[in-house]
Amino acid sequence: MSTENQVALTAELIQSHKNLLAKYFNCTENPTLEHFVSTHVSQIIHPKDLNIKQYWSGQYKTATKNAKKPFVQGEPDWYDAHFQSIQKQIGTNTLSTPIQTSNTSSTSYKFLQQMLETHSKMKHKKWTLPSGVIVEDKMVDYCRQLDYEHAGHSFILDINDDCWETVFESEDLQYIKSYKLPSFVVQEDEEVLSYIRSFDGKV
């Protein structure tokens, strides 16, 4: 595809977004960015290599001025919007193409994407606590909310990190902290011990 076609397609896409926002303001009594994102998540496709949060926040703010509406942001679910957008662009329900962008927020998307891919392959290898809570599932839920790289993206559960106190119930967290790997019985190999003894007094 030529550069001219790509630019024309992007301009057409941006215009469709403006039309979508204009229609939203005409049909919504108390519009907010959070409500718009949640109700139009399947339609939020953003131009390649642009940060979805910055792009749609900017488009929405401009649209509020044009519609003479107050700008109310709320708490949009940008992660869900981002993944819906990528899935629609690549035409699949499974994300498999890393997101190559230079900004910090998009970098966090990349780590979350990798985490979700790893999580989908775990199947029966997850850690289920006595309460029935699945540790890896809770870690994914937590990392979905982050806009920065965290050890949790690599399924590293640092029990000294206070963040997990908001993720797990106190009983579950106490179990995790007290959990110990099973001890292994080490059997001494007489041949190895004899070989080691042969060096006595020689070193």
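The basis for the numbers below is simple: all heavy atoms, side chains too, and nothing from hydrogens, waters or symmetry mates.
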Which class fits the ring pair [X] and [Y]: parallel under 30°, tilted 30 to 60°, perpendicular over 60°?
X	Y	value
His150	Tyr142	perpendicular
His40	Tyr24	perpendicular
Trp56	Phe36	tilted

Problem - Side chain Ser57, main chain Gln54, donor-acceptor under 3.5 Å - result: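 Checking the backbone N and O of Gln54 against the side chain of Ser57, no donor-acceptor pair under 3.5 Å is found.
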Problem - Asn26 (side chain) donor-acceptor with Ala22 (main chain) under 3.5 angstrom - result: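 Confirmed, Asn26 side chain pairs with Ala22 backbone.
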If every non-hydrogen atom of [X] is compared with every non-hydrogen atom of [Y], which pair is closest and at what distance?
X	Y	answer
Gly152	Cys143	C-SG, 3.5 Å
Trp164	Asp158	CD1-O, 3.1 Å
Leu173	Glu165	CD2-CG, 3.6 Å
Lys138	Val133	CG-CG1, 3.4 Å
Val72	Pro31	CB-O, 4.1 Å
Ile159	Lys177	O-CE, 3.8 Å

Exercise for the section: May I ask you to check whether Asn30 and His35 show a side-chain donor-acceptor distance below 3.5 Å? Expected result: no
Practice task
Report, as yes or no, whether the 6.0 Å neighbourhood of atom CD on Glu75 holds more than 12 heavy atoms from other residues, nucleotides or ligands.
Solution key: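 No, not enclosed.
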Problem - Heavy atoms of other groups near Glu34 CD, more than 12 under 6.0 Å - result: yes
From [X] [atom1] over to [Y] [atom2], what is the distance, rounded to the nearest 0.5 angstrom?
X	Y	atom1	atom2	value
Lys126	Phe155	NZ	CZ	8.0 Å
Glu117	His119	CD	NE2	13.0 Å
Lys65	Phe71	NZ	CZ	10.0 Å
Arg144	Met115	CZ	CE	9.0 Å
Asp141	Ile134	CG	CD1	10.5 Å
Leu116	His153	CG	NE2	8.5 Å

Problem - Min side-chain heavy-atom separation Glu136-Thr118 under 4.5 Å - result: no
Exercise for the section: Kindly indicate whether the side chain of Tyr60, heavy atoms from C-beta on, has any atom under 4.5 Å from the side chain of Gln73. Expected result: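 Of all side-chain heavy-atom pairs linking Gln73 with Tyr60, none is under 4.5 Å.
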Problem - Axial cation check for Phe25 ring with Lys69, 6.0 Å and 45° limits - result: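 No cation-pi geometry.
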